[in-house]
Amino acid sequence: MGEHVPDADTRSSRPPARPQLWILSDFHPEAVKHAQSLFDCVLFEDPRGRGWRAHAEAILIKDYYITDADLAAAPQLRVIGKQGVGLDKIDLEACRRRGVRVCNTPGLNAGAVAEMATCLAFSVARQVPHMVERQKSGEAIRKETVAGMLLSNKTIGVVGMGHIGQAVARMWLGGLQAKVIAFDPYYPKADSGGAWEQIPHERTDDLDTLLAASDVVTLHVPLSSSTRDMIAAPQLARMKKTAILLNTARGGIVNEDDLADALERGAIWGAGFDCHVQEPPTLARYERLWGSPRFVGTPHIAAATDETQIATINGATDGVYRFLMENPKL
């Protein structure tokens, strides 16, 4: 009996093959299920995952470096899905040169990061981690021996006027009746309408002005050659002695040695960081900085909520899928 050959109508009714997505990081199970509903997925724990450079047209990443050498070894790669906002681990110039699209998810983690910045501010102002450690050591703490700081009705300086900066400004305006000063050298005044028109604030073109006027300074800029050490000894010297510095953006924007000096000298009140130059941070590297009772450090977890993780991964996945559907391979 000869082999049955389906007729043309039957062949044309078959669903098209789904695109393949190589998932190179460990993601939330619900987000993986969403990706699998759209793609034929190769998961990061699959031994085949190590061969993505030879085969993948689309990849999904989180904490994963993509270099020019990676791209040279993957000439068939067309699109990269990147969870979150930061793109400092991807060679964007090499991607542009080789025609590789990068889909990240700006804005989706803004609420979570704004909440973390506020959490760090309160933790520093009231020295919460230090109080907890003192109690765990057996000390009976009398409130007369504790000097905290109120954050209501203070001036907050927002450095970086993107989605996260906007979310922080709204949170502090609505919840703490703060005065907002904003600075962003990459956000021209001509384009400063939109969301910021709805946020009562004072715009300054001078970082020093913001530093001198603010009770809390919160950083929401990417790490680049122009923002590395944006806050170092000269800038810390311009801040109030009662000021709190917050960094939920990237390690390296603040010079960590200069910050340790400032905290030890009492040049500023304190600092709360969700990011360090070394990540994940270790005690061996940060014993001096962490030793300050008015420094609170967390290991880059601002977006580490289930809701945010799922939303940001799904956003990157959807961006990859949309790109492939709109740009079919010829």
Side-chain angles (χ1 to χ4, degrees), residues 5-6 8-110 162-163 222-224 250 279 300 303-304 306-330:
V5 179
D9 290 339
T10 302
R11 289 195 297 268
S12 63
S13 65
R14 289 176 177 172
R18 294 193 301 172
Q20 195 171 62
L21 177 67
W22 297 63
I23 300 177
L24 304 184
S25 301
D26 185 11
F27 290 122
H28 193 286
E30 291 302 315
V32 173
K33 287 181 183 178
H34 176 67
Q36 290 173 326
S37 73
L38 300 174
F39 293 94
D40 174 17
C41 295
V42 178
L43 302 182
F44 83 103
E45 65 265 27
D46 189 319
R48 292 180 297 163
R50 291 189 293 272
W52 71 266
R53 293 171 187 81
H55 304 287
E57 293 186 12
I59 62 175
L60 186 66
I61 62 172
K62 180 171 53 179
D63 295 325
Y64 197 103
Y65 284 90
I66 300 295
T67 67
D68 188 31
D70 290 321
L71 298 173
Q76 77 291 335
L77 185 67
R78 302 177 61 207
V79 58
I80 299 169
K82 168 63 172 65
Q83 181 193 9
V85 180
L87 298 174
D88 48 290
K89 294 182 178 179
I90 300 175
D91 189 331
L92 295 177
E93 176 55 35
C95 287
R96 283 190 287 268
R97 193 170 63 249
R98 297 177 184 277
V100 177
R101 174 69 66 87
V102 179
C103 301
N104 64 336
T105 54
L108 293 183
N109 67 349
H163 295 287
L223 179 64
S224 66
R250 285 290 185 272
E279 293 195 345
H300 215 147
D306 279 356
E307 301 95 325
T308 305
Q309 291 294 295
I310 294 169
T312 53
I313 302 163
N314 287 356
T317 300
D318 292 344
V320 170
Y321 186 77
R322 187 164 50 249
F323 172 81
L324 293 176
M325 294 301 99
E326 294 174 355
N327 299 276
K329 190 175 181 181
L330 299 179

(request) May I ask you to test the R78-K329 pair for a side-chain heavy-atom distance under 4.5 Å? (result) yes

(request) Considering non-hydrogen atoms only, spot the tightest contact between C95 and V102 and give its length. (result) SG-CG2, 3.9 Å

(message) Is it the case that the side chain of K62 and the backbone of D26 share a donor-acceptor pair, with hydrogens and angles ignored and the cut-off at 3.5 Å?
(response) yes

(request) Calculate, to the nearest 0.5 Å, the distance between atoms CG and CG belonging to L108 and N314 respectively. (result) 9.5 Å

(request) Heavy atoms only: give me the nearest P19-M325 pair and the separation to one decimal. (result) CG-CE, 4.1 Å

(message) Quick check for you: to the nearest 0.5 Å, what is the distance between L24 atom CG and L43 atom CG?
(response) 10.5 Å

(request) Mind listing the closest non-hydrogen atom pair of P106 and V85 along with its distance? (result) CA-CG2, 3.7 Å

(message) Restricting to non-hydrogen atoms, name the atom on V320 and the atom on A58 that form the minimum distance, rounded to 0.1 Å.
(response) CG1-CB, 3.8 Å

(message) Is it the case that the side chain of Q76 and the backbone of R53 share a donor-acceptor pair, with hydrogens and angles ignored and the cut-off at 3.5 Å?
(response) yes

(request) Please lay out, stage by stage, how D318 and L38 fare under the test side chain to side chain contact (heavy atoms under 4.5 Å, CB included). (result) CA-CA 9 Å; D318 292 344; L38 300 174; 3.7 Å; yes

(message) Looking at Q36, is its backbone amide N or carbonyl O close enough to the side chain of R18 to form a donor-acceptor pair, meaning the two atoms are under 3.5 Å apart?
(response) yes

(message) Quick check on K33: does its NZ atom have over 12 non-hydrogen neighbours (other residues, nucleotides or ligands) under 6.0 Å away?
(response) no

(request) Go through the steps for V32 and C41 under the test side chain to side chain contact (heavy atoms under 4.5 Å, CB included), then give the verdict. (result) CA-CA 9 Å; V32 173; C41 295; over 6 Å; no

(request) Could you walk me through whether L77 and W22 pass side chain to side chain contact (heavy atoms under 4.5 Å, CB included), step by step? (result) CA-CA 11 Å; L77 185 67; W22 297 63; over 6 Å; no

(request) Please determine, by modelled atom types, if D70 and T67 share a side-chain donor-acceptor pair under 3.5 angstrom. (result) yes

(request) Establish, from distance only, whether the side-chain atoms of Q309 and H28 form a donor-acceptor pair under 3.5 Å. (result) no

(message) Nearest 0.5 Å, please: how far is CG in L92 from NZ in K89?
(response) 13.5 Å

(message) Just so I know, are the side chains of I90 and I61 near enough to count as touching, which here means a heavy-atom distance under 4.5 Å?
(response) yes

(message) Quick check: closest heavy atoms across N109 and A303, and the distance to 0.1 Å?
(response) CB-CB, 4.2 Å

(message) Quick check: do V79 and C103 have side-chain heavy atoms less than 4.5 Å from each other?
(response) yes

(message) As a quick check of understanding, evaluate side chain to side chain contact (heavy atoms under 4.5 Å, CB included) for L21 and L324, giving each step before the final call.
(response) CA-CA 11 Å; L21 177 67; L324 293 176; over 6 Å; no

(message) Does the plane of the ring in F39 sit parallel, tilted or perpendicular to the ring in Y321? Use 30° and 60° as the thresholds.
(response) perpendicular

(request) Nearest 0.5 Å please: distance from the CZ atom of F44 over to the CD1 atom of I59. (result) 15.0 Å

(request) Calculate, to the nearest 0.5 Å, the distance between atoms OG and NZ belonging to S25 and K82 respectively. (result) 8.5 Å

(request) Evaluate salt bridge (charged side-chain N to carboxylate O under 4.0 Å, His left out) for D68 paired with R98, printing each intermediate quantity in order. (result) CA-CA 9 Å; D68 188 31; R98 297 177 184 277; 3.1 Å; yes

(message) Working to the nearest 0.5 angstrom, can you tell me the gap between D91 CG and R97 CZ?
(response) 6.5 Å

(request) Specify the closest pair of heavy atoms between P75 and A72, including all atoms of both residues, with the distance to one decimal. (result) CD-O, 3.8 Å

